[in-house]
Enquirer: 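Pasting a structure here, questions to come.
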Amino acid sequence: MTSMTRLLILLGSTLCLPVAQADTPAVTDKQQAAVFSYPKGAKYAVSLTFDDARASQLDVGVPILDKYGVKATFYVMPDPVQARLEDWRKVVATGHELGNHTHSHLCTGNFAWLRAQDKGLEQVDLAWLEQDILKTNQFLKAKLSVEPKSFAYPCGNTFVGRGTQVKSYVPLIAKHFSSGRTWLDETANNPTYTDFAQLTGIRMDGMRFEELKTMIEALREDNKWIILAGHEVGENGLYSVDSKVLSQLIHYLQAPENDYWVDTVDKVGTYIKMHRN
């Protein structure tokens with residue numbers, strides 16, 4: 001990743017925050033007193049998530065997570081899970097969460113790889129997409145005895161159709177899952193406000209540790225829940241989390257003085273739902 005790309009990511013994730021705050025009314029004493037707390041006195045929550053059930057997640061990512069006792073959420077599709085079924089059984093057995101990432105992984109057809117297949121969310125309707133999503137639920141239950149509670153929108157896209165016929169499939173996710181995570185967002189989740197069907201996801205692919213740390217500390221205001229999202233694990237890249245950076249990140253998040261609670265999306269989401277009212 002070039003220096004310019006890194007700068008753009010940081011600008012989008014952190015430098016825009018003061019602008020948004022400038023248009024926001026001052027925080028009242030009552031709001032300041034309404035501090036949300038997490039288990040063991042933690043001030044902030046973090047979930048590590050990985051999309052697409054990629055082989056490097058099994059070969060590189062899971063060993064790192066297990067070494068430090070960190071549980072992550074993996075949003076998967078049936079085909080790559082079937083290809084490494086026994087390994088994914090071990091992932092489930094060690095306490096990681098598997099979420100639904102649809103069966104077909106449809107995004108906007110503007111992606112060249114979908115244009116080559118003549119596919120795209122613009123070309124389907126809610127009924128088709130619902131069946132596609134439920135296929136993955138059925139697969140995970142049959143093969144791994146997992147009933148997924150969490151969902152991640154492929155490419156962060158939440159629509160079907162075109163123009164005046166566009167419809168959101170967020171209500172569909174709210175119907176079938178406890179949560180739905182988006183992608184490439186610029187803010188974290190306020191525990192007393194966030195919509196669980198549209199949890200924000202923050203990119204961790206291609207980031208150096210210091211960049212990630214700066215971004216996390218800018219986003220964690222108001223006891224927020226930061227959901228980090230990645231794809232491959234190994235070499236640093238546009239869609240890959242550097243394995244050394246992942247280890248550094250875990251060290252930072254586990255340090256008691258930094259006040260983070262790290263757990264799966266379902267564990268953190270369930271806790272927030274129980275305590276935010």
Enquirer: Would you mind writing out the side-chain donor-acceptor pairs for residues 136-148 within the sub-3.5 Å range, not counting sequence neighbours?
Expert:
{"from": "Thr136", "atom 1": "OG1", "to": "Thr102", "atom 2": "O", "distance (Å)": "3.0"}
{"from": "Thr136", "atom 1": "OG1", "to": "His103", "atom 2": "N", "distance (Å)": "3.2"}
{"from": "Asn137", "atom 1": "OD1", "to": "Asn100", "atom 2": "ND2", "distance (Å)": "2.8"}

Enquirer: For Asp195, what residues pass the salt bridge (Lys or Arg N to Asp or Glu O under 4.0 Å) criterion, not counting sequence neighbours?
Expert: none
Enquirer: Tell me, yes or no, whether the heavy-atom count around Lys149 atom NZ, taken from other residues, nucleotides or ligands under 6.0 Å, exceeds 12.
Expert: no
Enquirer: Judged by atom type as modelled, is there a donor-acceptor pair below 3.5 Å linking the side chain of Gln131 to the main-chain atoms of Ala127?
Expert: no
Enquirer: Which donor-acceptor pairs under 3.5 Å do the side chains of residues 37-48 make with protein atoms, sequence neighbours left out?
Expert:
{"from": "Tyr38", "atom 1": "OH", "to": "Asn223", "atom 2": "O", "distance (Å)": "2.6"}
{"from": "Ser47", "atom 1": "OG", "to": "Trp225", "atom 2": "NE1", "distance (Å)": "3.0"}
{"from": "Ser47", "atom 1": "OG", "to": "Asp263", "atom 2": "O", "distance (Å)": "2.8"}

Enquirer: Looking at Lys244 and Asp242, is any side-chain nitrogen of the basic one under 4.0 Å from a carboxylate oxygen of the acidic one?
Expert: no
Enquirer: After noting the C-alpha distance and the side-chain angles of Gln254 and Val262, does the key distance pass the side chain to side chain contact (heavy atoms under 4.5 Å, CB included) rule?
Expert: CA-CA 8 Å; Gln254 289 187 325; Val262 183; 5.5 Å; no
Enquirer: With rounding to the nearest 0.5 Å, note down the distance linking CG in Leu246 to CD1 in Ile64.
Expert: 5.0 Å
Enquirer: Drop me the distance from Asp205's CG to Phe50's CZ, to the nearest 0.5 angstrom.
Expert: 9.0 Å
Enquirer: Supply the atom-to-atom distance Thr182 OG1 to Phe151 CZ, rounded to the nearest 0.5 angstrom.
Expert: 11.5 Å
Enquirer: Tell me every residue that passes side chain to side chain donor-acceptor pair (under 3.5 Å) with Ser56, counting only those two or more places apart in sequence or in another chain.
Expert: Glu232
Enquirer: Please state whether the rings of Trp88 and Phe74 are parallel, tilted or perpendicular, taking 30° and 60° as the class boundaries.
Expert: perpendicular
Enquirer: Please identify each residue that fulfils side-chain contact (heavy atoms from CB on, under 4.5 Å) with Ala255, with sequence neighbours left out.
Expert: Glu257, Asn258
Enquirer: Let me check something: any side-chain donor-acceptor pairs from residues 161-173 under 3.5 Å, sequence neighbours excluded? List them with distances.
Expert:
{"from": "Ser168", "atom 1": "OG", "to": "Val170", "atom 2": "N", "distance (Å)": "3.0"}
{"from": "Tyr169", "atom 1": "OH", "to": "Asn157", "atom 2": "O", "distance (Å)": "3.3"}

Enquirer: Please work out whether the ring planes of Phe36 and Tyr271 are parallel, tilted or perpendicular, with thresholds of 30° and 60°.
Expert: perpendicular
Enquirer: Suppose we screen for side chain to side chain donor-acceptor pair (under 3.5 Å). Which residues come up paired with Lys119, at least two apart in sequence or across chains?
Expert: none
Enquirer: Please round to the nearest 0.5 Å and tell me the distance separating atom OG of Ser179 and atom CD1 of Ile227.
Expert: 7.0 Å
Enquirer: Quick one: list whatever passes side chain to side chain donor-acceptor pair (under 3.5 Å) with Asn189, sequence neighbours left out.
Expert: Thr194, Thr200
Enquirer: Does any part of the side chain of Phe177, heavy atoms only, come nearer than 4.5 Å to the side chain of Ile133, both counted from C-beta?
Expert: yes
Enquirer: Side chains of Phe159 and Glu122, heavy atoms from C-beta outward: is any pair under 4.5 Å?
Expert: yes
Enquirer: Tell me the side chain to side chain donor-acceptor pair (under 3.5 Å) pairs involving residues 63-80, sequence neighbours left out?
Expert: Asp66-His96, Tyr68-His251, Thr73-Glu97
Enquirer: Taking all non-hydrogen atoms of both residues, which atom of Glu211 and which atom of Gly206 are closest, and how far apart?
Expert: OE1-O, 4.4 Å
Enquirer: Would you mind listing every salt bridge (charged side-chain N to carboxylate O under 4.0 Å, His left out) that reaches into residues 84-94, with sequence neighbours excluded?
Expert: Asp59-Arg84, Arg84-Asp87, Glu86-Arg89
Enquirer: According to disulfide bond (SG atoms under 2.5 Å apart), does anything in residues 160-190 pair up with another residue at least two apart or in another chain? List the pairs.
Expert: none
Enquirer: What ring-ring contact (aromatic ring centres under 6.0 Å, His included) pairs are there with at least one residue in residues 183-208, not counting sequence neighbours?
Expert: Trp183-His231
Enquirer: Taking atom types as modelled, find out whether Thr187 and Lys224 have a side-chain donor-acceptor pair closer than 3.5 angstrom.
Expert: yes
Enquirer: Tell me if the CD atom of Glu235 is crowded by more than 12 foreign heavy atoms within 6.0 Å.
Expert: no
